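Heads up, the thing below is written out as C-alpha cells.
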Amino acid sequence: MQQTADQQVHNLIRGAGKAKGERGRAKMDIVESKHISEPIKSEAQISHLALDIGGSLIKLVYFSTNSDSSSSSSKDSVAVSSGNEGRPVLEGKLHFAKFETAKINDCIDFIRSKQLRHSGFQKHGAPAGEKCTIKATGGGAYKYTDLFKEKLGICLDKEDEMDCLVAGSNFLLKAVHTEAFTYMDGQKEFVQIDHDDLYPYMLVNIGSGVSMIKVDGPGKFERVSGTNVGGGTFWGLGRLLTKCKSFDELLELSHRGNNRVIDMLVGDIYGGMDYTKIGLSSTTIASSFGKAISDNKELEDYKPEDISRSLLRMISNNIGQISYLNALRFGLKRIFFAGFFIRGHAYTMDTIAVAVHFWSKGEAKAMFLKHEGFLGALGSFMSYEKHGFLNLKVHQLVQQSPVDASRGGDKIHDPPNGELNENQSIDCSICLS
Ligand SMILES: Nc1ncnc2c1ncn2[C@@H]1O[C@H](COP(=O)(O)OP(=O)(O)O)[C@@H](O)[C@H]1O
Ligand SMILES: CC(C)(COP(=O)(O)O)[C@@H](O)C(=O)NCCC(=O)O
C-alpha cells in the first residue's frame with residue numbers, strides 16, 4: 001500500500017523512539033555540497049539519488065554508504081540487521097549537492113562518476129537490460145529527459161514539483177528540531193514545531209520564480225499564488241546591472257552596499273520628515289531605485305554594491321509583502337520561506353521578516369528553513385518510499401547535532417569545501433524494507 005508523506009514522517013519519528021539503544025543501529029549524516037564537480041573522497045557507494053532540476057539550479061539528494069558493500073569481509077559491512085522487524089539497515093550519509101542548471105553537463109558527469117548502474121538503481125525484479133531510473137522533479141525533469149537518457153542511459157521518473165516541495169517541507173519541519181528559525185535584527189531564534197499544530201501554514205518557495213502554497217496537511221495543499229519577481233529576477237537583473245560573474249559575487253557585493261544611494265525614501269520626498277499620519281517613517285523606502293530618476297547619473301556612476309543592495313531589498317521586500325497578503329487571505333499566521341534565493345543571507349531574511357512584520361502589524365511571522373533549497377529534491381528522494389520503488393525506508397531520526405547559531409550572519413553560508421560542517425549535520429538512519 002502506498003504511504004502518504006506524513007505517514008513516512010510518522011514512521012521516521014516513531015522509529016527514532018523504537019531504535020534507541022538498538023544494536024546495529026545505522027547512522028545517516030546529512031551533508032550539503034556545493035557545485036561539486038569531483039567525486040567524494042571515499043569509495044562510498046551511492047545507492048539512491050533524486051533530483052530537482054529547477055530554472056536556475058539542479059539539486060541532488062543522494063544516499064551513500066560509508067564503505068564499499070562489495071567487500072563482504074569489510075568490518076563496515078553495509079547491510080546490517082537492525083533488529084527492527086528484521087530489516088537490513090544501510091549505514092551512510094545523505095548528501096546534498098547543487099549545480100547551476102546551465103552547467104547540467106557537470107551534474108551529468110558527477111552522476112556518472114557515482115556509477116549508479118552498479119548501485120541498485122535498476123527497478124527491483126526488472127529484466128537485466130532495463131534502464132536505470134531515478135526520481136526527478138522540477139521543470140528540468142521534463143526538459144532534460146532525453147539528455148539523461150542519451151548521456152547516462154537513465155530514465156527520469158517524474159514527480160510533481162509542488163508535491164515534492166510540500167513533502168520535503170513537512171518532513172523537515174517534523175523531523176529536524178532545528179530546521180525552522182526566525183530572523184530579525186540580526187537575531188536568529190529556532191522555532192520549536194508542535195507536530196500536532198503544524199497545519200495550516202504558508203510555504204513560500206523562492207526559486208527562479210516564487211510559489212506560495214497553503215499547506216493544510218500531509219499531501220493536502222493548494223498553490224494559492226506566485227510571483228515572477230523572484231530569485232531569477234535578482235540574479236538576472238543584478239548580472240546585467242553590475243556585470244557580476246556569479247550569484248555569490250552579487251550577494252557579496254550587497255553586503256557592502258547602501259541602498260539609500262539609489263532608493264527614494266519617504267524622507268527624500270517629505271523633506272526629511274516622517275509621514276506619521278499613515279505610519280511611514282522617513283527611512284522607509286518610498287520607491288525602490290527612485291533616486292535614479294533625478295540624480296542625473298548614468299548606470300556607471302552608481303556603485304555595483306549599492307545597486308545589488310537596492311535590488312536585493314526590493315525583491316525581498318516585495319516577496320515578503322505578497323506572501324503576507326496571501327497568508328492574510330487564508331488567515332495563516334505562519335509563513336515558512338524556502339528556496340535558494342535566500343542562501344541563509346542575513347539581509348535577505350531580515351528584509352522579508354520586516355516586510356511580514358510591518359504589513360501584518362506584528363501578527364504574522366516569517367520563518368526560514370535550514371535546508372532551504374533542498375525541499376523539492378528531498379521530497380523527490382522520499383517518493384522512492386511512497387512508490388515502493390526501491391524499497392528504501394527512511395525510518396528513524398536518531399538525533400541531530402546543534403546548529404551553529406552564527407549561521408545567520410551577513411555572509412554566504414556554503415562552506416569553502418562545499419560540505420556542511422559537523423554542526424550542520426543530522427544523524428538518522430534508513431533501512432531497506
Ligand atoms: N550558486 C548560485 N547560482 C545561481 N543562482 C543561485 C545560486 N545560489 C543561489 N541562487 C539563487 O537561487 C535561485 C534558484 O533557487 P532554487 O530554489 O534552486 O530555484 P530553481 O528550482 O528555480 O532553480 C536563483 O535564481 C538565484 O536567485
Ligand atoms: C514555474 C515555477 C513553479 C518553477 O519553479 P522554480 O524552477 O522557479 O523553482 C516557478 O518559477 C513559479 O512559481 N513562478 C511564478 C509564476 C507565477 O505564479 O507568476
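Counting starts at 1 for both ligands and their atoms, following the listed order. One-based numbering along the sequence shown. Quick caveat: nothing in here was measured; it's all calculated off a predicted structure.
Partners of Tyr324 under the ring pair (Phe, Tyr, Trp, His ring centres under 6.0 Å) rule, at least two apart in sequence or in another chain, do not exist in this structure. Residues satisfying the ring pair (Phe, Tyr, Trp, His ring centres under 6.0 Å) criterion with Phe358, sequence neighbours excluded, are absent altogether. Scored by the side chain to side chain contact (heavy atoms under 4.5 Å, CB included) test, Ala180 finds Leu173, Val191, Ile193, Phe336, Leu369 as partners (sequence neighbours excluded).
Close contacts between ligand 1 and Gly339 involve ligand atoms 17 (O) [criterion: under 4.0 Å to a heavy atom]. Ligand 1 places these atoms under 4.0 Å from at least one heavy atom of Lys59: 16 (P), 18 (O), 19 (O), 20 (P), 21 (O), 23 (O). Near Trp235, the atoms of ligand 1 lying under 4.0 angstrom from a non-hydrogen atom of the residue are 4 (C), 5 (N). For ligand 1, the atoms closer than 4.0 angstrom to any heavy atom of Ser56 are 14 (C), 20 (P), 22 (O), 23 (O), 24 (C), 25 (O). If you number the atoms of ligand 1 from 1 as listed, the ones under 4.0 Å from a heavy atom of Gly232 come out as 25 (O).
In summary, of the residues considered (Asn326, Val356, Ile352), a side chain to side chain contact (heavy atoms under 4.5 Å, CB included) with Ile335 occurs for Val356 alone.
The pair Lys370-Glu179 does not count as a salt bridge, with every side-chain nitrogen at least 4.0 angstrom from each carboxylate oxygen. A salt bridge does not link Arg260 with Asp306: none of the charged nitrogens is closer than 4.0 Å to a carboxylate oxygen. Between Asp146 and Lys149 no salt bridge is recorded (no basic side-chain N to carboxylate O distance below 4.0 Å). Between Asp263 and Arg313 no salt bridge is recorded (no basic side-chain N to carboxylate O distance below 4.0 Å).
For the residue pair Ser211 / Arg223, a side-chain donor-acceptor distance below 3.5 Å is found, with atom types taken as modelled.
Residue-level contacts of ligand 2 at the 4.0 Å heavy-atom threshold are Gly54, Gly55, Glu161, Met162, Ser208, Gly209, Val210, Ser211, Arg223, Gly226, Thr227, Asn228.
Between Phe247 and Trp235, the angle of the ring planes goes over 60°, which puts this pair in the perpendicular group of the 30/60° scheme.
An N or O contact shorter than 3.5 Å links Gly55 to ligand 1 by distance. Here's the thing with Glu100: none of its N/O atoms is less than 3.5 angstrom from an N/O atom of ligand 1. Where the criterion is an N or O separation shorter than 3.5 Å, residue side chain and backbone included, Phe247 fails it with respect to ligand 1. The shortest N or O to N or O distance between Gly209 and ligand 1 is not under 3.5 Å. In terms of polar-atom proximity, defined here as any N/O pair under 3.5 Å, Gly231 does make such a contact with ligand 1.
Considering only non-hydrogen atoms, atom 22 (O) of ligand 1 lies nearest to Ser208 out of Gly54, Ser208, Gly207.
Taking all atoms of both residues into account, the shortest heavy-atom contact from Gly376 to Leu165 is N-CD2, 3.8 Å.
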